[in-house]
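Encoded as structure tokens, the structure appears first; notes follow it.
Note that the numbering runs from 1 along the sequence shown for the chain. Values below: all heavy atoms of this structure, side chains included; hydrogens, waters and symmetry mates excluded. As the structure lists them, so they are numbered: ligands from 1, and atoms in each ligand from 1. Only a predicted model underlies this, so the values are computations on that prediction, with no experimental measurement involved.
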Amino acid sequence: MKANLVIAVVGATGAVGREMLNTLYARDFSGYTIKAFASSRSAGTKVAYGDDEIRVEELTAKSFEGVDIALFSAGGSTSTEFAPYAVSSGCVVIDNSSAWRMDERCPLVIPEVNAHALKNHNGIIANPNCSTIQMLVALKPLHDVSPIERVIVSTYQAVSGTGQKGIEELETQVRQLFNGMEPDVNVYPHRIAFNCLPHIDTFLDNDYTKEEMKMVKETNKIMEDENIKVSATCVRVPVFYSHSESVNIETEKKISAKDARAILTQAPGVVVLDNPKENIYPLAIDATSENAVFVGRIREDETIANGLNMWIVSDNVRKGAALNAVQIAESLVEQDLVRVTNKLMFR
Ligand code: NAP
Ligand code: 12T
């Protein structure tokens with residue numbers, strides 16, 4: 001890859017930021033200059049980068065001078081405020097928050113699905129929601145064989161999606177319950193330990209949650225097809241890492257379960273684990289710290305002519321966030337797209 005790029009991780013002390021540093025180190029970026037930014041709270045602390053440590057700097061409007069690519073994962077308000085400063089410094093932003101995803105100026109990219117959308121980027125590229133990413137890595141190869149008309153998805157989402165505080169909330173509640181104590185409820189509206197909450201992000205006027213509507217809108221944008229109907233129910237479960245999804249699709253023409261298995265076995269980024277007689281199917285605990293999207297329980301929906309059911313599992317912090325962002329950076333480098341043409345686009 002092109003040498004001497006400077007790459008910044010914004011939100012470097014968070015659950016996603018740390019994984020971004022691990023992913024950058026593990027892939028082809030080990031020769032690059034890496035910078036780490038967070039809020040004033042952790043400025044001066046250190047984060048691990050391979051065997052080295054990087055000093056965390058406070059994020060300011062001037063942080064992006066000399067930076068080629070910034071990977072943001074410090075929440076939507078930080079992205080809204082600081083991504084425009086980055087672009088005006090000539091730095092390309094890959095943003096993990098939901099701030100820029102539906103902005104028409106910003107491509108929304110899963111490299112296995114729509115790397116071509118990077119071509120005309122304007123400086124900010126959005127990383128989709130974790131639940132959307134793993135679903136579409138598995139559905140796009142089927143859609144290419146016969147267009148998907150409708151998707152019904154229920155998610156089983158890990159607490160790490162809420163960041164470090166979600167992980168600590170589940171840990172603390174489990175410890176409290178095992179010690180006969182009343183658990184403290186701080187992060188979610190109800191206890192998450194030994195429970196399932198049909199509530200991720202905030203409720204909207206249509207009684208769906210924002211998280212559910214992200215899956216709808218992001219699918220249409222990434223697949224460049226407004227005709228795909230998506231109905232989602234997003235559920236938080238007491239799992240630390242990796243989201244699982246029960247997905248039902250209806251296609252224009254019939255795809256047999258056997259053909260679907262063959263198509264997905266060839267698909268980039270997908271691993272098929274589907275041997276029910278041997279109790280083999282994707283599991284959150286097996287997907288964790290893996291790069292792939294795992295698909296199993298592939299079977300025909302016997303209630304309609306052209307329907308399939310499947311179970312899709314992936315590490316939400318990895319492919320759902322850090323890895324996808326780093327793959328976007330790799331694709332930008334490969335396609336020679338690390339440049340900003342209009343520094344004032346977002347000011
Ligand atoms: P986290 O563990 O809570 O980490 C938050 C990070 O943001 C920390 O590094 C924090 O730094 C930094 N930060 C907070 N406010 C800041 C500010 N004003 N200026 C600079 N840095 C600031 O959360 P996480 O799980 O890593 O998630 C971070 C963000 O990534 C989320 O808010 C979300 O937007 C996005 N995300 C996306 C996906 C996805 O589906 N693609 C999945 C998970 C998360 P301090 O140490 O200084 O507090
Ligand atoms: N609320 O990137 O809580 O839009 O699991 C990702 C994960 C938002 C996002 C979660 C969320 C996002 C969650």
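Scanning all protein heavy atoms for the shortest distance to atom 7 (O) of ligand 1 gives A74 CA, 3.2 Å. Given atom 1 (N) of ligand 2, the protein heavy atom at minimum distance is E211 OE1, 3.8 Å. Protein heavy atom at the shortest distance from atom 21 (N) of ligand 1 is S39 N, 3.2 Å. Protein heavy atom at the shortest distance from atom 44 (C) of ligand 1 is V16 CG2, 3.7 Å. Counting protein heavy atoms only, atom 7 (C) of ligand 2 is closest to G161 O, 3.6 Å. From the protein, the heavy atom lying nearest to atom 2 (O) of ligand 2 is R101 NH2, 2.6 Å. At the shortest separation from atom 6 (C) of ligand 2 among protein heavy atoms lies N129 ND2, 3.4 Å. Protein heavy atom at the shortest distance from atom 11 (O) of ligand 1 is T13 OG1, 3.2 Å. Scanning the protein for heavy atoms near atom 4 (O) of ligand 2, the closest one is K214 NZ, 2.7 Å. Remark: minimum distance from atom 30 (O) of ligand 1 to any protein heavy atom is reached at S73 CB, 3.5 Å. With hydrogens left out, the protein atom closest to atom 32 (O) of ligand 1 is G75 CA, 3.1 Å, a heavy atom.
Taking CG from D68 and OG1 from T33, the interatomic distance works out to 9.0 Å, rounded to the nearest 0.5 Å. F37 CZ to T60 OG1: the interatomic distance, rounded to the nearest 0.5 Å, is 7.5 Å.
Using a 4.0 Å heavy-atom cutoff, A325 is absent from the residues neighbouring ligand 1. Assignment of V159 to the shell around ligand 2 is not supported, since no heavy atom sits closer than 4.0 Å. In this structure, K210 has no heavy atom closer than 4.0 Å to ligand 2.
Which parts of ligand 2 touch R236 is read off a 4.0 Å heavy-atom cut-off, strictly below it: atoms 3 (O), 5 (O), 10 (C). Listed by atom number, the atoms of ligand 1 under 4.0 Å from N129 heavy atoms are 40 (O). Of all atoms in ligand 1, numbered sequentially from 1 with element shown, those under 4.0 Å from a heavy atom of S42 are 45 (P), 46 (O), 47 (O). Every atom of ligand 1 is numbered from 1 in the order shown, and the set under 4.0 Å from a heavy atom of G320 is 39 (C), 40 (O), 41 (N). Of all the atoms in ligand 1, the ones that sit under 4.0 Å from a non-hydrogen atom of A12 are 9 (O). The contact set between ligand 1 and S97, taken as ligand atoms under 4.0 Å from a residue heavy atom, comprises 34 (O). Atom numbering of ligand 1 starts at 1 in the shown order; those under 4.0 Å from a heavy atom of C130 are 39 (C), 40 (O), 41 (N). Taking a cut-off of under 4.0 Å to the non-hydrogen atoms of Q157, the atoms of ligand 2 that pass are 5 (O). When each atom of ligand 1 is checked for a heavy atom of G14 under 4.0 Å away, the hits are 1 (P), 2 (O), 4 (O), 8 (C), 9 (O), 26 (O). Atoms of ligand 2 lying under 4.0 Å from any heavy atom of N96, numbered from 1 in the order shown and given with element: 2 (O). Annotation for ligand 1: atoms under 4.0 Å from non-hydrogen atoms of G163 are 2 (O), 23 (O), 24 (P), 25 (O).
Each of E224, H143, K140 was scored for a side chain to side chain contact (heavy atoms under 4.5 Å, CB included) with V113, with one residue passing: K140. Checking H199, Q157, R236 one by one against E211, the side chain to side chain donor-acceptor pair (under 3.5 Å) holds for a single residue, Q157.
Without hydrogens or angle criteria, E250 side chain to I304 main chain gives no donor-acceptor distance under 3.5 Å.
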Any chance you could lay out the side-chain hydrogen bond (donor to acceptor under 3.5 Å, both in side chains) test for T172 and E168, step after step, and finish with the verdict? CA-CA 6 Å; T172 305; E168 283 159 22; over 6 Å; no
For the pair N248 and N309, evaluate side-chain hydrogen bond (donor to acceptor under 3.5 Å, both in side chains) and give the outcome as yes or no after the intermediate values. CA-CA 4 Å; N248 175 276; N309 282 306; 2.9 Å; yes
Where do S246 and Y156 land on the side-chain hydrogen bond (donor to acceptor under 3.5 Å, both in side chains) test, with the steps shown first? CA-CA 8 Å; S246 167; Y156 303 66; 5.2 Å; no
If you look only at distance, which donor and acceptor atoms sit under 3.5 Å apart when one is on a side chain in residues 337-347 and the other is two or more places apart or in another chain?
unit_1	atom_1	unit_2	atom_2	d
N342	OD1	L344	N	2.9
N342	OD1	M345	N	3.4
R347	NH1	S88	OG	3.1

Output a table of donor-acceptor pairs, distance under 3.5 Å, between side-chain atoms of residues 313-323 and any protein atom two or more places apart or on a different chain; print 'none' if there are none.
unit_1	atom_1	unit_2	atom_2	d
S314	OG	A292	O	3.1
D315	OD1	V317	N	3.0
D315	OD1	R318	N	3.1
D315	OD2	S289	N	2.7
N316	OD1	S160	OG	3.4
N316	OD1	S242	N	2.8
N316	ND2	S160	OG	3.0
R318	NE	E19	OE2	2.8
R318	NH1	S289	O	3.0
R318	NH1	N291	OD1	3.0
K319	NZ	E112	OE1	2.8
K319	NZ	E112	OE2	3.2
K319	NZ	N324	OD1	2.8
K319	NZ	Q327	OE1	2.5

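At a heavy-atom cutoff of 4.0 Å, ligand 1 is contacted by no atom of S131, backbone or side chain. Contacts with ligand 1 closer than 4.0 Å are made by side-chain heavy atoms of N127 only, the backbone lying farther away. Only backbone heavy atoms of P128 (N, CA, C or O) come within less than 4.0 Å of ligand 1; its side chain stays farther off.
At under 3.5 Å, a nitrogen or oxygen of G11, whether backbone or side chain, sits near a nitrogen or oxygen of ligand 1. For G161, no nitrogen or oxygen atom sits less than 3.5 Å from a nitrogen or oxygen atom of ligand 1, counting backbone and side chain alike. Below 3.5 Å of separation, one finds no N or O of S98 facing any N or O of ligand 1.
For atom 18 (N) of ligand 1, the nearest non-hydrogen atom from the set T60, N316, T78 belongs to T78. For atom 36 (N) of ligand 1, the nearest non-hydrogen atom from the set T132, N96, N324 comes from N96. Checking R41, M20, E19 against atom 48 (O) of ligand 1, the nearest heavy atom belongs to R41.
K254 and E300 are joined by a salt bridge, as a carboxylate oxygen and a charged side-chain nitrogen come within less than 4.0 angstrom of each other. Under the 4.0 Å criterion applied to side-chain N and carboxylate O atoms, E65 and K62 are not assigned as salt-bridge partners. One finds no salt bridge joining D274 and R297 here, because no Lys/Arg side-chain nitrogen approaches an Asp/Glu carboxylate oxygen to under 4.0 Å. The residues D95 and R101 are annotated as not salt-bridged, no charged nitrogen and carboxylate oxygen being separated by less than 4.0 angstrom. Salt-bridge check for R27 with E330: passed, with a basic side-chain N closer than 4.0 Å to an acidic carboxylate O.
Under the 4.5 Å side-chain criterion, counting only non-hydrogen atoms from C-beta, V153 is in contact with M215.
Under the 6.0 Å cut-off for aromatic ring centres, F72 and Y85 do not qualify, their centroids lying 6.0 Å or more apart.
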